[in-house]
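Working notes, beginning with the structure itself.
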Amino acid sequence: MGRKGLFIDYEFCTGCHTCEVACKQENSYPAGLWGIKVNEIVLESLDKVEINYLPFPTELCNLCANRTVNGERPSCVKHCQADCMKYGELTELVKEMENKPKTVLFAPK
Amino acid sequence: MAEQVFTNMTNGGPISVYVKDGKIVRIRPLQVPEEELKPWVIEAGGKRYSPPKAFRLAPPGHAERNRFEPHNRILYPLKRVDFDPNGERNPQNRGKSDYVRISWDEALNIVSGEIKRLTDAYGGSSITGMTSSHHNWGIVGYKMGPFSRFMNMLNYTPILDNPDSWEGWHWGATHTYGFQWRLGMPEQFDLLEDALKNTEMIVFWSNDPDTTRGTYSGQESAIWRVWLKEKGIKTVFIDPFYNYTAAAMDGTWLPPRPGSDTALAMAIAYVWITEDLYDKEYVAEKTIGFEEFRQYILGESDNGFVKTPEWAEAESGIPARKIRALAREWAAKRTCLSSGCRGGQGSACRTAYGTEWARMMVLLQAMQGLGKPGVSIWGTTMGAPADSNTWFPGYAEPRGQMGKSNIAKIKLSLQNKTKQRLFRLTLPEAIMTGKEDFWGDGFCGQTLDQQFIHNVYPMEGHSTVKMFYRYGGSFMGTMSDTNKWVKMYQSDKLEFVVNQDCWYGSEAKFADIILPACTNLERNDLGEWAACGGYTTNAHIGNNYRVIVREQKCIEPLGESKADYEIFTLLADRLGMKELYTEGNNEDDWARLFFESSDIAKDISWEEFDKRGYYIIPVPDKYESTPGMRWYAEGRECDTPDTGNSKRGTEKAKELGTYSGKIEFAAESLRQNMPDDMERPIVPHFIPSWEGYFSEAHDKYQLQIIMPHPRFSFHTHYDNHTPWLNEIALHRVEKEGYYWWPVRINPVDAKARNVIDGDIVELYNDRGSVLCIAQVTERVPAGVLHSYGCSAKYDPLVPGQPGSTDKAGCVNLLTASKLLSKHAAGMTPNSCLCELRKWEDLRNG
C-alpha cells in the first residue's frame, strides 16, 4: 500500500467552505482550528477579475485515518459539493493530473 | 449509554443526529444506505448525467450542532426588570433594560392575563403577532401551524408578509405572464434537462445560485453547474458584484450601476427590434401589446426618447458596444435567462421600481421565444426529474396547516372574525402613528386582482393594536430602516410585547416577556426537504432526491424551553380554550394525522416511517419530462405538475395566468385597474431611482450599497451564534476579539477614503450608521459597496438608542422605508446611498 493523498481539481471548486465545516464537525474542532481551510485567491492584475478557491489541508489533517480505516472517504472529500476532491493512492492520483489542468495533489502525512 | 441516531430536517437539508448521554455529539447529512438511492439519469449530447448518491447540505446544515451550545439559547422564561403589568411598564426601555428569570407559571399568567385584559377591553383585533421565516423546519411546529391556529382563535389582527426576496417579480412580472400563484416566479420543471440538451448560453442576471441555492435545497444543484461548465456552455454575469457563481463558472462579467438594470434590458430590446433579431412569429401569436412596447423603446412614444445602447451606457456604465455584442449573441444562441434562484429573485428586483426590471426579464425572453428548447427563465437551481404527482403537505399550503387542513375538526385559522390587516413593511408606521394604508394582500397568490386591494388600518369597528406577539425574529437585520423598528418597539402604543424564540435574535431583547421555545431537534414533527408548498409548489425539484423526514425528538428541550405547540396549549388552557385549540390531540397526534392525509401513507405505514425516520419518493421508471412553459410555446395545454395553476385541466389550459392568457407587453391587468399609475405603467418604463447614481443625494453620499442574500447563513439564521460559520472570513472577520461583518469596496474608493483592507469602517447616511470590516476588492466596481443584508446581531454602541452606531453589521440601518412604487408594496434595500469612513475609535468604541 503506497502513500495516500488528496487530489483537488480547483477549476471546479466553488468556495462553498463545506469541506471546512464538515471537517470541523467530524473532528469537533473548536473555533480557531481547521483540518482543511479554503483559500480565496483573487488576481486583479489581469484585464479581468480572476478568482480561484483552493482548500489547503493543515497540520491537523491526517486524511481522516479513523474513517479511511473503515473504507470511508475523508470527510472533506465525502462532502465536497462540486465533487472536485478525491482521495487515493498518490501514484494513481498523479495519473489524473496528467490529463487535467488546474489540479493539485497534497500528501499531508 | 450507547450512541443513538435520530433523523431530522433543517432548512439546509435533512440530517442524522448522533446523541450520547443526552447530548448531540455529531450531525451529518441524512445517512441512507446507498442502495436505497436510485439517482435519475439525464442523457444529453452523448453523455449521461446523474447526481451523487448523497445529500448535499448547505454549509449551515453542517454547522447545526453549534446552535445547541447552551449560551446561545434562551433557556428560561424572562421578564424585563422594569416591566410591571400592574404598574409601570416602561416601554421606552425596551432594548435597554436587563431581564430577570421567572417561572413558566408567572410568564404564562402574565401573557394570558394581557390577552384577556386586551380582548375584554378592545376585542381580539387589539392583538397582533407575526412569525419569523425559517428558524425551524416542520409542519406541526413551524410558523403556519400552532402559531396561526392559536392567534386566529384569539381573532387577532394578522400582519401580511411581503415577498421580500422577489418583490419585483411579484408586483411586476405577474402582470406580464401570470404565475401569481408562484408570486411571479416561473415554473422550473425539467429545465435542467432542457439546458443540458439545448441551451448554448446562460445569462445570469442579478443571480448568484451558488450562494442562494434554490433557497432551501442545500447545495444539491452545485453539481449541475459543474456539468454546465464542463459542457462549455457560455456564461454571462450581469451583477454589480462579481459573485460566487461567476467566480466558479468563470463567465463574462458585466457590472451595471445598481438601479440601471432596466435601462440595460431596454437597450437589448432596442438592438433586437432595430436589427430584426427577435422571434416575430412567437410575438405575434403568443403575446399582446408589442406595438405599444416597440413605440416606447424606439421613442415613437415617450416624447421621442429612444432607448439606445448609448443611453444605457450613460445609465449603467456598461459600454454600448458590449451591450450590442451581448444582444446579438443572445439572439443568435439558444439562451437561458437565469435571473434568480427560483427563476425569479435577485437584487435588481429589490430596488426602486424593481417591477419594471422583472417585467423586462420576461419580455426579453418572450422576444426570443420563451418556452422553446433552450430558451427559458431558469435559476439553475430547480428542475431535477422527480415524481411531482405524489403529494405531501408543505407549510405554506392550507393542507399543511393545522388550522386550515381537513385533518382539523375545527379549522380555527379560517374562523378569525377580525378582518383588519397590517403589513410587515409599514408595521412600525402603523403602530407609531395609529394609522396606515397599503396596497395588496401581502402574498397575492390567489389572483392578480389581489394586488389592487386597498387596505386601511385601523379598519372601521376594529381596535388599533396594543399587543405584539413575536414568534422568532429577524426584522432587525433583514427589514429596511432598522431604526424605525427600534422606535416601534419603544412606542407606548405597544402596551405589551412577548417574544417566543429559541435563540437570542436581535428582537428578543425588545420584549417585555421572553418565552423559551425549543428547536425542531427537541420535539417530534415531520417535513419534506425544501418543499414549502404554496408559493413554490413542487419545490423538491431543487433536490436530486425527494426526501420526507420524520423529525424525531433527538434530545430533551434545553433548559426549560418547550415546544411551541405546548406553549400555546398552556396559554389556551389559561384562557379556557384548551379543548378548542388541541381537539384532544398532542403534537404527535397532529404529525400522524398530517402523515395519513398525504399520498405517501399508501406506500409506507406510519409505524415504519416513524421507526426508519425517512421516506424517499422514487422517480418513476418511465419518467416523462415536461419542461416549464414548453406547453405554452407549443400551443398545448399545460402538462406540467404545477398544481397552483388554476387554468390547468380546464378549458383554458393553454393559457397563462394573465388577463388575456398571453404574455402581455402592455399589461391588461394594469390597464384595467390602474391605468394612470406612471410608476408601474401599462408598458414597462425606465424610471430613474429616487436614490441612485443620478439622484440629488449622490452629491453627499457617493457610494451605492447593494445587500443581496448571504452565502453562509440563512438570512439571519445561523449567523452570530454559529462559531464554525463566523470563522469563515467571507462571512465574518475576527479583529481584536470581535467578529465584524464585511463590506466589500473597490480599491479606488478605498484609497480615496484612506482605507485599507481589514480596517474597521463606518457606513453612514441620514438614516443610520453601522460599522463593518473593509474588504478591498475589485469584485465590486468603483462607486459600489457590497454587504449582505442579514446580520443576526444588532449591537448598538448605546444599547436601545435609535440612531446609535451599530457594531454588528446591520447594514439595513442605512436603507430606506420607501416601497418599489406607490402601488407596489415591496421593499427596496438595493436603492441606497451612503458614505464610508475609517472608524478611528475602535478601542474606545
(request) Check whether B:Asn66 gets within reach of chain A through its side chain, its backbone, both or neither, counting any heavy atom under 4.5 Å. (result) neither
(request) Give, as side chain, backbone, both or neither, the part of A:Glu20 having an atom under 4.5 angstrom from any heavy atom of chain B. (result) side chain
(message) Please determine whether the number of non-hydrogen atoms from other residues, nucleotides or ligands lying under 6.0 Å from atom NZ of A:Lys100 exceeds 12.
(response) yes
(request) Name the option with the most non-hydrogen atom pairs under 4.5 Å to chain A; the candidates are B:Ile223, B:Leu57, B:Leu725. (result) B:Ile223
(message) For chain A, which candidate among B:Trp253, B:Phe712, B:Trp224, B:Phe55 shows the most heavy-atom pairs at distances under 4.5 Å?
(response) B:Phe712
(message) For the CD atom on B:Glu3, are there more than 12 heavy atoms of other groups (residues, nucleotides or ligands in this structure) within a distance under 6.0 Å?
(response) yes
(message) Rounded at 0.5 Å granularity, tell me how far NE2 in B:His62 sits from SG in A:Cys23.
(response) 12.0 Å
(request) To the nearest 0.5 angstrom, please state how far the CZ atom of A:Phe12 sits from the CZ atom of B:Arg225. (result) 13.0 Å
(message) Side chains of A:Thr18 and B:Arg56: any donor to acceptor distance under 3.5 Å?
(response) no
(request) Kindly compute the distance separating CG (B:Leu730) from NE2 (A:His17), expressed to the nearest 0.5 Å. (result) 4.5 Å
(message) Need one label for B:Arg779: side chain, backbone, both or neither, based on atoms under 4.5 Å from any heavy atom in chain A.
(response) both
(message) Are there over 12 heavy-atom neighbours, none belonging to B:Lys793, within less than 6.0 Å of that residue's NZ?
(response) yes
(message) Show the nearest heavy-atom pair for residues A:Gln25 and B:Trp724, with the distance to one decimal.
(response) CA-CH2, 3.3 Å
(request) Using modelled atom types only, decide if a donor and an acceptor are shared between the side chain of A:Lys78 and the backbone of B:Ala54 within a distance under 3.5 Å. (result) no
(message) I'd like to know whether NZ of B:Lys20 has more than 12 heavy-atom contacts from other residues, nucleotides or ligands below 6.0 angstrom.
(response) no
(request) Take atom CD of B:Glu35 as the centre, draw a 6.0 Å sphere, and report whether it contains more than 12 heavy atoms from other residues, nucleotides or ligands. (result) yes
(request) Pick one of side chain, backbone, both or neither for A:Tyr29, based on which atoms fall under 4.5 Å of a heavy atom in chain B. (result) backbone
(message) Measuring from atom OG1 of A:Thr14 to atom CE of B:Met249, what distance do you get when rounded to the nearest 0.5 angstrom?
(response) 11.0 Å
(request) Would you mind reporting whether A:Gln81 and B:Asp210 have side-chain heavy atoms less than 4.5 Å apart? (result) yes
(request) Using non-hydrogen atoms and a 4.5 Å limit, figure out which bit of B:Thr211 sits close to chain A: side chain, backbone, both or neither. (result) neither
(message) Looking at chain B, which one of A:Pro30, A:Cys80, A:Cys13 has the largest number of heavy-atom pairs inside 4.5 Å, strictly under?
(response) A:Cys80
(message) Quick test of your reading of the model: are B:Arg28 and A:Glu72 salt-bridged, counting only N-O distances below 4.0 Å?
(response) yes
(message) Please determine whether the number of non-hydrogen atoms from other residues, nucleotides or ligands lying under 6.0 Å from atom NZ of A:Lys102 exceeds 12.
(response) yes
(request) Quick one: pull up CD1 in A:Ile51 and CG in B:Asn243 and give me the separation to the nearest 0.5 Å. (result) 9.0 Å
(request) Give the minimum heavy-atom separation between B:Arg65 and A:Ser28, together with the two atoms involved. (result) NH2-OG, 3.1 Å
(message) Using heavy-atom distances under 4.5 Å, tell me whether B:Glu230 contacts chain A through its side chain, its backbone, both, or neither.
(response) both
(request) Please flag which part of B:Arg711 lies under 4.5 Å from any non-hydrogen atom of chain A: side chain, backbone, both or neither. (result) side chain
(request) Work out which heavy atom in A:Val21 is nearest to a heavy atom in B:Pro59; give both atom names and the distance. (result) CG1-O, 4.1 Å
(message) How long is the straight-line distance from OH of B:Tyr242 back to CD of A:Glu50, given to the nearest 0.5 Å?
(response) 6.0 Å
